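Taking it in order: structure first as structure tokens, then the write-up.
Indexing begins at 1, ligand by ligand and atom by atom, following the structure's order. Bear in mind that the values here come from a model prediction, so they are computed numbers and not experimental data.
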Amino acid sequence: MGTSADLLARVRPLWEEMLRHPFLVETRDGALPDATFARWMRQDYLFVEAAIPFMGTLLAKAPVGHRKPLADAIAAFHRELGLFRERAVAAGVDLDGVHASFVCHAYVQFLLATGALSSYGEGFTVLYAAEKAYHDSWKVVKAGIDPGSPWIGFVENWAGDAFAGWVSWLETELDGLGDAAGEAERARMADLFEATVRYEIAFWELAYGRADGWPGIREVA
Ligand code: MP5
């Protein structure tokens with residue numbers, strides 16, 4: 001079994017829990033309150049902004065053959081921020097002055113710390129986990145959402161063919177990095193993969209206001 005399939009197999013129950021999350025099911029069914037979607041949008045905008053310097057840390061360590069795909073992904077993230085801004089204007093969501101929730105802040109710090117301090121293979125594992133999580137999650141939404149939904153642009157972005165191709169490239173390359181890694185690095189890759197999936201579930205939770213603040217502090221983003 002290749003590394004990507006092995007990492008997924010190890011976290012299967014968590015992965016399934018993520019894909020059953022009410023945020024995805026209710027967005028698919030048109031049953032999610034707009035304010036709940038807006039809470040996710042405001043926090044995910046901050047996440048995508050931070051994903052750009054994370055990619056920069058990976059790019060600095062990347063083998064030559066990975067430079068162009070990673071640089072292209074940075075450009076794609078910038079386009080994605082444009083999609084958020086366009087949808088925010090259309091739906092009356094204010095993206096300005098948003099403070100990162102505890103979960104968003106922690107996830108972003110985890111990304112940046114992994115990019116800065118861990119091996120390329122470990123950072124790449126986190127990138128793969130986050131991208132695969134979004135691809136699979138938005139495919140759940142795609143399987144039933146009204147094509148006239150205001151949120152269809154997000155579905156097309158992460159569940160579309162171009163993103164599928166990117167995730168499939170990440171998968172192939174992660175398999176190669178896993179083959180080249182020693183046992184200790186592979187164990188760290190597995191830990192990071194699982195931690196990323198846990199962050200992904202926590203991120204859907206914050207849309208509901210159950211995890212949108214900082215523990216002990218009433219004010220929320
Ligand atoms: C992604 C995201 C996908 N936007 N938000 C979270 C919480 N996880 C993963 O990353 P990208 O940069 O939008 O492809």
(request) State yes or no: are the ring centers of F154 and F37 separated by less than 6.0 Å? (result) yes
(request) Evaluate the ring planes of F23 and W138, with Trp represented by its six-membered ring, and classify them as parallel (under 30°), tilted (30 to 60°) or perpendicular (over 60°). (result) perpendicular
(request) Run through ligand 1 for me and note each protein residue having a heavy atom under 4.0 Å from it, chain first, then residue number. (result) D44, F47, V48, F77, E80, Y107, A130, E131, Y134, W158, F163, E200, F203
(request) Examine W166 together with Y134 and report whether their ring centres are nearer than 6.0 Å. (result) no
(message) Can you see whether S119 engages E122 through a side-chain donor-acceptor pair at a distance of less than 3.5 angstrom?
(response) yes
(message) If I compare all heavy atoms of W158 with all of D44, which pair ends up nearest, and what's the gap?
(response) CH2-OD2, 3.8 Å
(message) Ring centroids only, cut at 6.0 angstrom: are W214 and H105 within range, meaning strictly under it?
(response) yes
